Amino acid sequence: MSRTVYLNGDWHAEADAKVSVFDRGFLFADAIYEVTAVIDGKLIDYPGHAARLKRSLTALDIPMPVDDDQLLALHKEIARRNGITEGLIYLQVSRGSQDRDFVFPSDLKPTLVMFTQAKRVLDNPKWKTGLSLETVAEGRWSQRQIKTVQLLYSSLMKTEAARRGFDDVLFVEDGHITEASSANFHIITRDGTLVTRDLSNVLLHGITRGSILDLAQRAGLKVEERAFTVDEARSAAEAFLTSATSFVMPVVSLDGLPINGGAVGPHSQRLLELYISERLQTGDPIAET
Ligand code: PDD
């Protein structure tokens, strides 16, 4: 079934939604994006995604194409138009179109695209088995806190790792783990402390990461935000990823060596359950009120 896609103020059947070949998102990856989950007809962690969208746009000096109320209304409307009660909403803003030129003017009209992906996000078989990750050298640009569409390195690395039988990669820089290709990475030490990389330009400031740290603290876990090495991760009691698409995803091996004996750990399991049950209460309903 054809989706209904949003493009610069209009709704189109997906085959008819067209962006210029001169769009700077296409020519220069001059664009940022957000992915927001919908479960049980509710937007999950929407305020965090909307706030990060603004931070990304501000960092690149791209004007916000719609105001706050319109942005929220568009998220709800696109879910309703596509009958999405469970799945993902993808949003991308590029700087706009101009003849190809490295120097961009300040008055381009941004291109805003949104589409939905129907997906059973609450029924992820990998939650039961956990993921096998492979460490690879960090090779992305230095401004990783901006959620840009420059995803080629991550995509190449994840594809190569998949061909070698891994589920995802962990990027390593100066001996320390930054994050996975499209998720933040966390460990639970043997004394039960949740350790996660502190926020800086070396990693994306994940919205799910923030929610999980808050939840973990409220659940009585000690949380440390600091850099940690691959060796520390290898000897951790548990490890897991967080993202808007898989919430809390257990990691059961690193470079072929098991973590928690290769089984999903109790803390990861508990945080996943707590996150889903809490978000089912607090998510923003897409239904018209
Ligand atoms: N990725 N780190 C990177 C590099 C990411 O691309 C993502 C999200 C995250 C987690 O952020 P959040 O919790 O806000 O989703 C961390 C999205 C889901 C994607 O590219 O599909």
Side-chain angles (χ1 to χ4, degrees), residues 25 29 31-39 43-57 59 75 86-93 113-119 121 124 126 131 133 135-159 161-162 167-173 176-187 194 196-216 225 227 239-251 268 271-272 274-276 278-279 283:
I32 58 94
Y33 75 108
E34 280 297 330
V35 179
T36 306
V38 179
I39 52 176
L43 296 171
I44 303 307
D45 275 345
Y46 175 80
H49 290 283
R52 185 176 58 193
L53 173 69
K54 280 193 190 171
R55 290 200 298 277
S56 294
L57 289 171
H75 276 80
E86 191 173 328
L88 304 171
I89 299 176
Y90 178 88
L91 174 152
Q92 178 170 323
V93 184
V113 174
M114 291 174 74
F115 59 81
T116 52
Q117 292 182 303
K119 199 177 164 214
V121 278
N124 193 329
K126 290 282 184 185
L131 302 186
L133 306 190
T135 54
V136 299
E138 179 64 85
R140 301 172 296 163
W141 80 326
S142 61
Q143 299 296 306
R144 299 170 211 138
Q145 80 283 14
I146 311 173
K147 196 166 170 65
T148 77
V149 302
Q150 300 179 79
L151 298 171
L152 181 57
Y153 183 73
S154 306
S155 170
L156 285 173
M157 291 300 112
K158 186 167 180 175
T159 303
D167 296 297
D168 202 346
V169 289
L170 274 185
F171 296 128
V172 179
E173 188 170 53
H176 296 98
I177 293 168
T178 54
E179 59 185 329
S181 68
S182 57
N184 293 117
F185 178 73
H186 322 266
I187 57 174
L194 193 168
T196 193
R197 189 77 193 244
D198 50 322
L199 295 180
S200 71
N201 61 310
V202 308
L203 77 169
L204 187 75
H205 302 186
I207 302 309
T208 323
R209 172 193 180 280
S211 298
I212 291 297
L213 295 193
D214 174 54
L215 209 149
E225 295 185 66
F240 62 93
L241 301 177
T242 56
S243 77
T245 51
S246 60
F247 308 147
V248 177
M249 176 55 74
V251 172
S268 317
L271 289 172
L272 172 64
L274 284 174
Y275 181 75
I276 292 174
E278 206 175 89
R279 287 308 177 265

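Remember, it's 1-based here, ligands and their atoms both numbered in the order they're listed. The figures here come from the full heavy-atom set of this structure, side chains too, leaving out hydrogens, waters and symmetry mates. What you see is a predicted model; the values in this text were computed from it and never measured.
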Does Arg52, backbone or side chain, put an N or O under 3.5 Å from an N or O of ligand 1? yes
Please examine the side chains of Leu43 and Val38, heavy atoms only from C-beta on, and report whether any two atoms are closer than 4.5 Å. yes
Do Phe185 and Asp168 have side-chain heavy atoms sitting under 4.5 Å apart? no
Under 3.5 Å, is there a donor-acceptor pair between the side chain of Gln150 and the main chain of Trp141? no
Report yes or no: does His186 contribute a side-chain atom to a donor-acceptor pair with the main-chain N or O of Arg197 at less than 3.5 Å? no
Have a look at ligand 1 and work out which part of Glu34, if any, has a heavy atom under 4.0 Å from it: side chain, backbone, both or neither. neither
Proximity to ligand 1 by part of Thr208, non-hydrogen separation under 4.0 Å: both
4.0 Å heavy-atom contact, Arg140 with ligand 1: yes
Report yes or no: does a heavy atom of His205 sit under 4.0 Å from some atom of ligand 1? no
Looking only at protein heavy atoms, what sits closest to atom 18 (C) of ligand 1 is Thr245 CG2, 3.8 Å
Closest approach of any protein heavy atom to atom 21 (O) of ligand 1, naming residue and atom: Val35 CG2, 3.7 Å
Of all the heavy-atom pairs spanning [X] and [Y], show the shortest one and how long it is.
X      : Y      : answer
Ala244 : Val35  : CB-O, 3.4 Å
Ala37  : Phe247 : CB-CE2, 3.8 Å
Gly206 : Asn184 : CA-OD1, 3.1 Å
Val121 : Thr245 : CG1-O, 3.8 Å

For ligand 1, which atoms have a heavy atom of [X] less than 4.0 angstrom away?
X      : result
Ala244 : 12 (P), 13 (O), 15 (O)
Asn184 : 10 (C), 16 (C)
His49  : 14 (O)
Leu204 : 2 (N), 3 (C), 5 (C), 7 (C), 9 (C), 11 (O), 16 (C)
Tyr33  : 6 (O), 19 (C), 20 (O)
Thr242 : 10 (C)
Ser181 : 4 (C)

Roughly how far, to the nearest 0.5 Å, is CE of Met249 from OG1 of Thr208? 12.0 Å
Where the closest heavy atom to [atom] is concerned, which of [options] has it?
atom                    : options                        : result
atom 12 (P) of ligand 1 : Ile207, Val149, Thr148         : Ile207
atom 4 (C) of ligand 1  : Gln117, Arg144, Lys147, Glu179 : Glu179
atom 6 (O) of ligand 1  : Ala37, Ser154, Ser211, Ser182  : Ser182
atom 9 (C) of ligand 1  : Gly206, Ser246, Ala183, Ser155 : Ala183

Quiz question: by atom type and distance under 3.5 Å, do the side chains of Ser211 and Asp45 form a donor-acceptor pair? yes
side-chain hydrogen bond (donor to acceptor under 3.5 Å, both in side chains) with Glu34: which of Lys147, His49, His75? His49
